[in-house]
Amino acid sequence: MDNLILAIESSCDETSAAVLKNGREVRSCVISSQIDIHKKFGGVVPEVASRNHILNISSVVSEAMEEAGATYDDLSAVAVTYGPGLIGALLVGVSYAKGIAAAKGLPLVAVNHIHGHIAANYITHPNLEPPFVCLVASGGHSHILYVKDYMEFEILGRTRDDAAGEAFDKIARVIGLGYPGGPKIEALAKEGRDDAMKFPRVEFSDAPYDFSFSGVKTSVINFLHTKEQKGEEVNKADIAASFQRAVTDVLVSHTIRACLDRCVDKVVVAGGVSANGALREAFERAASENNLELYYPQPVYCTDNAAMIGCAGYYKFLKGEFADSGLNAVANLKL
Ligand code: KG4
Ligand code: ZN
């Protein structure tokens, strides 16, 4: 019999629900983005996000069920993101999922948002299987992981300060592009030269897979201040392109190094930043030079969505790992 899972994601500013068949086939995925609401504040306002999740969740779930042509009786389980993320936002999804599970007598599967980002690749690539090395680069996280099995992960490297997406968002704000920064920097960078300025690439001798993006951010800000004080014009497209290059250079080189050191022949990229075209091109080049197979999700599954949560939830479901009605959201949930 087919396994149908309803999944709910509400960890940040997207309210999303999806129905997945047998883990990897998306029957529906509805994403209600609050970007237009948060844009005017220059970033996500947690309280506003929670309220909008409450307003949206019921219709988003109904729409996902309807689009999938499923009834609650057809479901095998309900999966939900329980962390990491904004606590108030997470609580909306967790409470809603608990309500459905209790009312319909369905097992509840609690999913780590980062596992979800990795699983987005299983949807796009039906034949992809662990082991592999995965870079997860989003607004809140930058990790290099050794994915041993569907539910077994080893952290090889992590950011010591800002996440890669966070750095994109901050620099976009500083140069006046607004929120969300990643796609705006990417668009502007196409008109600039990526070797116009040399921003730092941080390496740690004791931790070759770790990242630090606060230095590149400060360096861009100092560059802008100096130009301003001298009354000189700045070419924002050159800044965007050079900044993007500095970030993508370290994301790619550290991830490829991890693959080679671990003798793994598959490199997987995930998270909002994996939508970036320049990053993908750099990975394409590096993967082909090193004879590695490269995987990244189709754009809609790079940023937050419930389909990836349903896919990760499926593998937890198969292991019989269920949550009880006492499930709580965990804002700083670790991997
Ligand atoms: O995975 P995601 O939707 O949310 C988190 O879990 O954080 O990632 C959002 C982040 C934001 O920081 C956004 O600026 C970044 O991903 N992002 C991008 C691009 N699209 C989204 N960064 C660079 N280039 C992009 N095209
Ligand atoms: Zn995310």
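Atoms within each ligand, like the ligands themselves, are counted from 1 in listed order. One is the number of the first residue; the rest follow in order along the sequence.
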How far is [atom] from the closest protein heavy atom, and which atom is that?
| atom | value |
| --- | --- |
| atom 6 (O) of ligand 1 | H113 NE2, 3.1 Å |
| atom 26 (N) of ligand 1 | E186 OE1, 2.7 Å |
| atom 10 (C) of ligand 1 | G139 N, 3.4 Å |
| atom 24 (N) of ligand 1 | N276 ND2, 3.0 Å |
| atom 3 (O) of ligand 1 | D304 N, 3.1 Å |
| atom 21 (C) of ligand 1 | G272 O, 3.4 Å |

- Task: Check whether any N or O atom of P180, backbone or side chain, sits under 3.5 Å from an N or O atom of ligand 1, and answer yes or no.
- Result: no

- Does any N/O atom on G271 come nearer than 3.5 Å to any N/O atom on ligand 1?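 No, since none of the N or O atoms of G271 sits under 3.5 Å from an N or O of ligand 1.
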
When you measure from the side chain of [X] to the backbone of [Y], do you find a donor-acceptor pair of N or O atoms at a distance under 3.5 Å?
| X | Y | result |
| --- | --- | --- |
| H254 | D210 | yes |
| S10 | G93 | yes |
| N56 | S59 | no |

- Short check: any N/O/S atom of H141 below 2.8 Å from the Zn ion (ligand 2)?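 No, H141 does not qualify, because none of its backbone or side-chain N, O or S atoms lies under 2.8 Å.
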
- Task: Answer yes or no for H113: is there an N/O/S atom below the 2.8 Å cut-off from the Zn ion (ligand 2)?
- Result: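 Yes, H113 qualifies, because one of its backbone or side-chain N, O or S atoms lies under 2.8 Å.
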
- Task: Assign the ring pair Y295 / H125 to parallel, tilted or perpendicular, where the plane angle (0 to 90°) is split at 30° and 60°.
- Result: perpendicular

- Item | F213 and F211 aromatic ring geometry - parallel, tilted or perpendicular at 30°/60° bounds |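 Aromatic pair F211/F213 classed parallel.
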
- Message: One residue to check: E14. Relative to ligand 1, which of side chain, backbone, both or neither has a non-hydrogen atom less than 4.0 Å away?
- Response: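 Neither; nothing of E14 gets under 4.0 Å from ligand 1.
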
- Query: Taking heavy atoms and a distance under 4.0 Å, where does D169 meet ligand 1: side chain, backbone, both or neither?
  - Reply: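 For D169, only side-chain atoms sit under 4.0 Å from ligand 1.
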
One thing to verify: whether [Y] and [X] come together as a salt bridge, which I'm taking to mean a side-chain N less than 4.0 angstrom from a carboxylate O.
| X | Y | value |
| --- | --- | --- |
| K217 | D162 | yes |
| K266 | E293 | no |
| E47 | R51 | yes |
| R280 | E186 | no |

- Item | G140 neighbourhood, listing ligand 1 atoms whose heavy-atom distance to it stays under 4.0 Å |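 The atoms of ligand 1 under 4.0 Å from a heavy atom of G140 are 7 (O).
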
- Message: Taking 4.0 angstrom as the limit and counting only heavy atoms of V273, give me the atoms of ligand 1 inside it, by number and element.
- Response: 16 (O), 18 (C), 22 (N)

- Item | Shortest heavy-atom approach to atom 18 (C) of ligand 1 - which of S142, A278, G182 | G182

- Rounded to 10°, how big is the angle at the Zn ion (ligand 2) from H117 NE2 to D304 OD1? 100°

- Shortest non-hydrogen contact from G313 to V109? O-CG1, 3.6 Å

